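The next block holds one structure in the form of structure tokens; read it before the comments.
Keep in mind the model is a prediction, meaning the values are calculated, not measured.
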Amino acid sequence: MQIKDMFRKKIDREIQGVIIVGQGEETNVAQELEEYVVTRELQRHFADFFAAYKKGIQGSTPKMGVWISGFFGSGKSHFLKILSYLLQNKQVGDRHAIDYFIADRKISDQMVLADMQLAANTPSDVILFNIDSKSDSNGKENKDAIVNVFLKVFNEMQGFCGSMPHLADLERRLSEEGRFEEFREKFEEEYGNPWESSRQDFDFIQDSVVDVLSDMNFMSESVARNWCEKATESYRISIEDFAKRVKSYIEKKGNNHHVVFLVDEIGQYIGDDSKLMLNLQTITEQLATHCPGRAWVFVTSQEELSGITAQMNERRSTDFSKIQGRFAIKVSLSTEEVTDVIARRLLTKSEQGTEELD
């Protein structure tokens, strides 16, 4: 027997050395779920998180913020992705995400598995993104940068235009009145290309948009022309209005629907900018006020929350005590169990391999 034949899994398979949020090909997802190693530390974190999440399913809770911290290599982005798969109970082939944890006995505590199954059975829209990649090039200069990114990904999740919120508002209104499909069909007849592939070039398609909206009797020609002119202007939305928009969406979905924002690398994005931290704090506060237990915010950072707020307090004498309460669920990942992860993920032997080694 050759050494390579002693291992349970092929040692020449491709393995993602760095987990990238947004990289979600089905083959990668299946491998991530199958080979995810739940260490003793992670057993505790899964138990704490799903116990807290259950409160939002069975009732309401203002504590719907999760701060995941850990240095490079600690697995925080991987943990975030795995949570996203579990909360939406993502289907890969003929298996769901929760099946990988039950069948492979990744979690030993049956109570924790029951909480995980409850979360998987709860209808949810899970929005996973790297905040820096979704932000505009000069976005961080705006004190409302974070809510603008949240609005962008929220619109994209619903199939609306993410880069131009004015267009997303039009699409939402058409959708609410049951006429969005009609608009898309008439636009393609008028312009010759599908709406989704053309809307990014709004400056060049305004005449067609005006014609379609007026032909549909959705707007008069003058109103449609005026709207198109305003659609190219800067867009502002208050955090409270954003939270109300999320609430309205959740209520229309019904059936105890949840919306979960999973934000990777928030600490790196915020840096030492107190305005951005306050923006994040206000978002979590408003979502907790308007959607208690129904809208969750998960973030990852290399630094623990207490460390970041301490630095800001020292530099700007600003009180960030509120955000500590908003992100009440804190997950701190260490690199101490990396050796165990490597051994179990890469070096586990097959039965025949074990016999040969013995």
Side-chain angles (χ1 to χ4, degrees), residues 38 40-69 76 79-90 96-98 101-102 106-128 150 154 157 239-240 242-263 266 280-301 304-306 309 320-333:
V38 181
R40 285 172 296 180
E41 180 184 63
L42 287 173
Q43 293 267 357
R44 185 177 69 254
H45 291 317
F46 274 114
D48 292 344
F49 165 70
F50 281 101
Y53 194 77
K54 180 170 66 173
K55 295 178 182 178
I57 297 174
Q58 297 178 335
S60 64
T61 175
K63 298 178 180 179
M64 27 58 69
V66 184
W67 191 280
I68 304 168
S69 61
K76 59 184 183 298
F79 181 67
L80 189 73
K81 286 186 77 173
I82 293 298
L83 284 177
S84 76
Y85 300 152
L86 289 167
L87 292 174
Q88 65 179 309
N89 203 13
K90 188 176 182 67
H96 288 86
I98 189 67
F101 280 73
I102 296 174
K106 296 181 185 293
I107 301 287
S108 56
D109 191 325
Q110 293 301 310
M111 293 292 291
V112 177
L113 281 175
D115 289 347
M116 293 171 67
Q117 186 70 69
L118 176 65
N121 293 339
T122 302
S124 303
D125 282 309
V126 177
I127 308 171
L128 175 69
F150 270 63
F154 183 62
M157 178 272 293
I239 295 176
E240 183 180 17
F242 169 72
K244 288 179 178 178
R245 191 168 292 182
V246 175
K247 178 185 178 181
S248 175
Y249 173 81
I250 290 173
E251 289 177 344
K252 287 174 183 174
K253 284 286 187 177
N255 196 26
N256 198 18
H257 197 84
H258 283 54
V259 172
V260 185
F261 296 93
L262 301 104
V263 193
I266 193 76
L280 175 64
Q281 174 182 311
T282 308
I283 290 170
T284 55
E285 286 176 353
Q286 289 298 315
L287 288 176
T289 299
H290 294 282
C291 320
R294 299 291 187 272
W296 288 70
V297 179
F298 300 57
V299 301
T300 68
S301 172
E304 293 187 11
L305 181 57
S306 58
T309 55
F320 287 99
S321 58
K322 284 185 179 180
I323 200 168
Q324 297 279 356
R326 293 308 176 200
F327 286 90
I329 306 163
K330 300 177 181 64
V331 176
S332 180
L333 300 178

Notebook entry, point to check: Which residue, D115, L113, D109, I107, forms the side chain to side chain contact (heavy atoms under 4.5 Å, CB included) with M111?
Noted result: D109
Note to self: For S60 versus P292, what's the shortest heavy-atom pair and its separation?
What the structure shows: CB-O, 3.6 Å
Check: Can you check whether V246 reaches F150 side chain to side chain, under 4.5 Å on heavy atoms?
Finding: no
Notebook entry, point to check: In this structure, are over 12 heavy atoms from other groups packed under 6.0 Å from K330 atom NZ?
Noted result: yes
Margin query: Is the shortest side-chain heavy-atom distance between V259 and K253 below 4.5 Å?
Written below: no
Notebook entry, point to check: If you round to the nearest 0.5 Å, how far is CG of L83 from NE2 of H45?
Noted result: 11.0 Å
Next item on the list: Decide yes or no for K90 and V126: does some side-chain heavy atom of the first lie under 4.5 Å from some side-chain heavy atom of the second?
Entry: no
Next item on the list: Check whether any side-chain heavy atom of S332 lies under 4.5 Å from a side-chain heavy atom of S69, and answer yes or no.
Entry: yes
Next item on the list: Determine the interplanar angle of the W296 and F49 rings, folded into 0 to 90°, and report it as parallel if under 30°, tilted if 30 to 60°, perpendicular if over 60°.
Entry: perpendicular
Next item on the list: Give the intermediate values and the outcome of side chain to side chain contact (heavy atoms under 4.5 Å, CB included) for residues K252 and Y249.
Entry: CA-CA 5 Å; K252 287 174 183 174; Y249 173 81; 5.9 Å; no
Item checked: Evaluation steps, side chain to side chain contact (heavy atoms under 4.5 Å, CB included), between S124 and Q88 -> CA-CA 6 Å; S124 303; Q88 65 179 309; 5.6 Å; no
Notebook entry, point to check: Got I250 and D125 here, is their nearest side-chain heavy-atom distance under 4.5 Å?
Noted result: no
Next item on the list: With the side chain counted from C-beta on, respond yes when F298 and L128 share a heavy-atom pair under 4.5 Å apart, and no when they do not.
Entry: no
Next item on the list: Kindly say whether the aromatic ring centers of F79 and F46 come within a distance under 6.0 Å.
Entry: yes
Next item on the list: Look at the aromatic rings of F242 and F261 and report parallel, tilted or perpendicular, splitting at 30° and 60°.
Entry: tilted
Next item on the list: Please tell me if the side chains of V297 and W67 come closer than 4.5 Å, counting only heavy atoms from C-beta onward.
Entry: no
Note to self: For the CG atom of D48 and the CD1 atom of I329, what is their distance to the nearest 0.5 Å?
What the structure shows: 9.0 Å
Check: Passes side chain to side chain contact (heavy atoms under 4.5 Å, CB included), R294 versus N256? Steps please.
Finding: CA-CA 8 Å; R294 299 291 187 272; N256 198 18; 2.9 Å; yes
Next item on the list: Mind checking the CZ-CD spacing from R326 to Q286? Nearest 0.5 Å is all I need.
Entry: 9.0 Å
Notebook entry, point to check: For the residue pair A288 and M64, what are the closest heavy atoms and their distance?
Noted result: CB-SD, 3.5 Å
Checklist line | Steps toward side chain to side chain contact (heavy atoms under 4.5 Å, CB included) verdict (I102, Q117) | finding: CA-CA 9 Å; I102 296 174; Q117 186 70 69; 3.5 Å; yes
Next item on the list: Check N89 against A97 and note the closest heavy-atom contact, atom names and distance.
Entry: OD1-N, 3.5 Å
Note to self: So, taking the atom named CD in E285 and the one named CD1 in I239, what distance separates them when rounded to the nearest 0.5 Å?
What the structure shows: 9.0 Å
Check: To the nearest 0.5 Å, how far apart are CZ in R245 and NE2 in H290?
Finding: 13.0 Å
Next item on the list: Measure up the H258 and Y53 rings against each other and bin them: parallel (under 30°), tilted (30 to 60°), perpendicular (over 60°).
Entry: tilted
Notebook entry, point to check: Minimum heavy-atom separation for V38 to L42, with atom names?
Noted result: CG1-CB, 3.9 Å
Next item on the list: Starting at NE2 of H257, measure out to SG of C291 and round the result to the nearest 0.5 Å.
Entry: 11.5 Å
Notebook entry, point to check: When you measure from the side chain of Q43 to the backbone N and O of K106, does any donor-acceptor pair fall under 3.5 Å?
Noted result: yes
